[in-house]
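Below, chains carry the letters A, B, ... as their sequence lines are ordered, and counting in each starts from 1. Below, all heavy atoms of this structure are taken into account, side chains as well, without hydrogens, waters or symmetry copies.
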There are 2 protein chains.
Amino acid sequence: MDNLEKPRGGRPRAFDPDRALDAAMHLFWEHGYEATSLTMLREAMGLTPPQIYNAFTDKETLFRKALERYHQTEIGFALEALSAPVPTGEAIRRLLLGAAEAYSRPDKPGGCLFVSGALATSPQAQTIADELKTYRKASEAAIAERLADGKAAGDLPEELSAEGLAKYIAGVMNGMSIQARDGASVEELRAFAETALAALPVEGQKPRA
Amino acid sequence: MDNLEKPRGGRPRAFDPDRALDAAMHLFWEHGYEATSLTMLREAMGLTPPQIYNAFTDKETLFRKALERYHQTEIGFALEALSAPVPTGEAIRRLLLGAAEAYSRPDKPGGCLFVSGALATSPQAQTIADELKTYRKASEAAIAERLADGKAAGDLPEELSAEGLAKYIAGVMNGMSIQARDGASVEELRAFAETALAALPVEGQKPRA
DNA sequence: AATTATCCATAGCGATCGATACGAAACCTA
DNA sequence: TAGGTTTCGTATCGATCGCTATGGATAATT
């Protein structure tokens, strides 16, 4: 962490890098990497260009740090759901319902930054698109691992493909992200999640109905 | 259609507008609206800027015509599936399996133009993003209508929400679009579709297995 | 052949993009 | 207090963005 190891001397920063990064993250979340201009970042972060470049190197590095911050502050529900000591079906249920909440917060941009941050880009930003794909693939892999554990625990049928089902669950979350961006409410996303859960090969502890 | 009513006189076009529009469509499909520059369009369409602007007015109009062309030439499977004289479950099945094919053609960009064309944009391109959202909402509405017909025909339980299930199916297709963009094969997308179909409240005519 | 209309190619428009040069200001160490 | 280091604010940089002015070329119409 750069902002922890103050080397020595020099004029102190006149702003809080974490607050600035937070503003940048929300802007990237809303408009994506390429469509977010330095002018927009300047206004949202309340900084001058040299302040931004001195603290975050360049736009690409700023975006990557925004990704890290998003991962740490906005989608903890995922790791929580996948690591909770509950049956596999319940874990996936918490994952999808958590996404329903996280993708439709009123004070946040809709959907997931990992999806809307850079889906279609210019050739110059291909590395950014690849980075986001890596994040999405990592999520999918984490789900697959949880499902494999579920198979080992007897929660899921032995003949099931953990990778295949993980692709479905990750894809459902991506679809929820698009629906959220189209204005779906948290209730609609929850209903979406419940419907998606019906496809799981587990004896669903159905919602109280 | 402008290209049908030749008014009279004048020097004839030295290019085929439909071929040029096709090249533009594929470029927008791959890179999205904003990230596709006029330079890229020039090279792909084999035209000079004045030729493009004379034939298609401006970049935004060109994109809108590309959307129409995409709708007409690339996703006929959807209307076909929804209007086929088959039970509702089979219609949705054809819809999702058709999407699996259409989103992973080797000679085409992955996914759906209506999703990747403009998901996160600059404020200047908000109208374009809204236009794409309108297309997505229209697809969802078409599915909801087919589901309502299915309820009337007794294919689906009466207490089911056609709109809610349509949101799920449309969202699943959006999710498949993202997965296709991440390199999912047609087989993986078909498996995705089959899993998603298991959530439908119909006696599934399961795949021959 | 003369007129009119449309398209072609060359060149370049103003605006915005991401990123910086510069020198003054503000802190620490010695 | 002097030296060293970092950030500050101001003013831009060259490149690319979408787009167009201009004038010659090629057709149908009269």
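- Each of A:Phe15 and A:Gln124 was matched to the nucleotide of DNA chain D holding its nearest heavy atom; the match closer to the 5' end belongs to A:Phe15.
- An OP1 or OP2 oxygen of D:dC8 is reached within less than 4.0 angstrom by no side-chain nitrogen or oxygen of A:Thr48.
- Protein atom CE of A:Met45 is 13 Å distant from nucleotide atom P of C:dA19, rounded to whole Å.
- Across all their heavy atoms, A:Cys112 and A:Ser177 have their closest contact at N-OG, 2.7 Å.
- Across the protein-nucleic acid pair, B:Asp16 atom CG and C:dC8 atom P stand 12 Å apart, rounded to whole Å.
- Annotation: cation-pi pair A:Lys59/A:Tyr33 present, NZ/CZ under 6.0 Å from the ring centroid and within 45° of its normal.
- Using a cut-off of 4.0 Å between Lys/Arg side-chain N and Asp/Glu carboxylate O, B:Arg190 and B:Glu101 are scored as salt-bridged.
- Across all strands shown, A:Thr36 has heavy atoms under 4.0 Å from sugar-phosphate atoms exclusively, and none from any base.
- In this structure, of C:dC8, C:dC27, C:dG18, it is C:dC8 that holds the atom nearest to the side chain of B:Arg11.
- Applying the 4.0 Å criterion to OP1 and OP2 of D:dG9, one finds that A:Gln51 has a side-chain N or O inside that range.
- Atom pair B:Asn54:CG and C:dA5:P shows a separation of 15 Å (rounding to whole Å applied).
- Phosphate contact (OP1/OP2 of D:dT20, side-chain N/O of B:Tyr53, threshold under 4.0 Å): absent.
- In this structure, A:Leu41 places its CG atom 14 Å from C1' of C:dT16, rounding to the nearest Å.
- Residue whose closest nucleotide on DNA chain D sits further toward the 5' end, between A:Pro49 and B:Glu34: A:Pro49.
- Taking atom CG of residue A:Leu38 and atom P of nucleotide D:dG14, one finds them 18 Å apart after rounding to whole Å.
- Closest approach to the B:Lys59 side chain among C:dC17, D:dC19, D:dT26 is made by D:dC19 (side chain taken as heavy atoms from C-beta onward).
- Taking only side-chain nitrogens and oxygens, A:Arg13 comes nearer than 4.0 Å to OP1 or OP2 of D:dT7.
- Rounded to whole Å, the distance from CE on A:Met40 to P on C:dT16 is 14 Å.
- Separating the CG atom of A:Asp58 from the P atom of C:dC17 is a distance of 17 Å, rounded to the nearest angstrom.
- When distances are taken from the side chain of B:Pro50 to each of C:dA25, C:dA9, C:dC7, the shortest belongs to C:dA9.
- With respect to the salt-bridge test (charged N to carboxylate O, under 4.0 angstrom), the residues A:Glu194 and A:Arg93 qualify.
- Under the 4.0 Å criterion applied to side-chain N and carboxylate O atoms, B:Glu60 and B:Arg64 are assigned as salt-bridge partners.
- Atom-to-atom, CZ of A:Phe56 to P of C:dA19 comes out at 14 Å; the value is rounded to the nearest Å.
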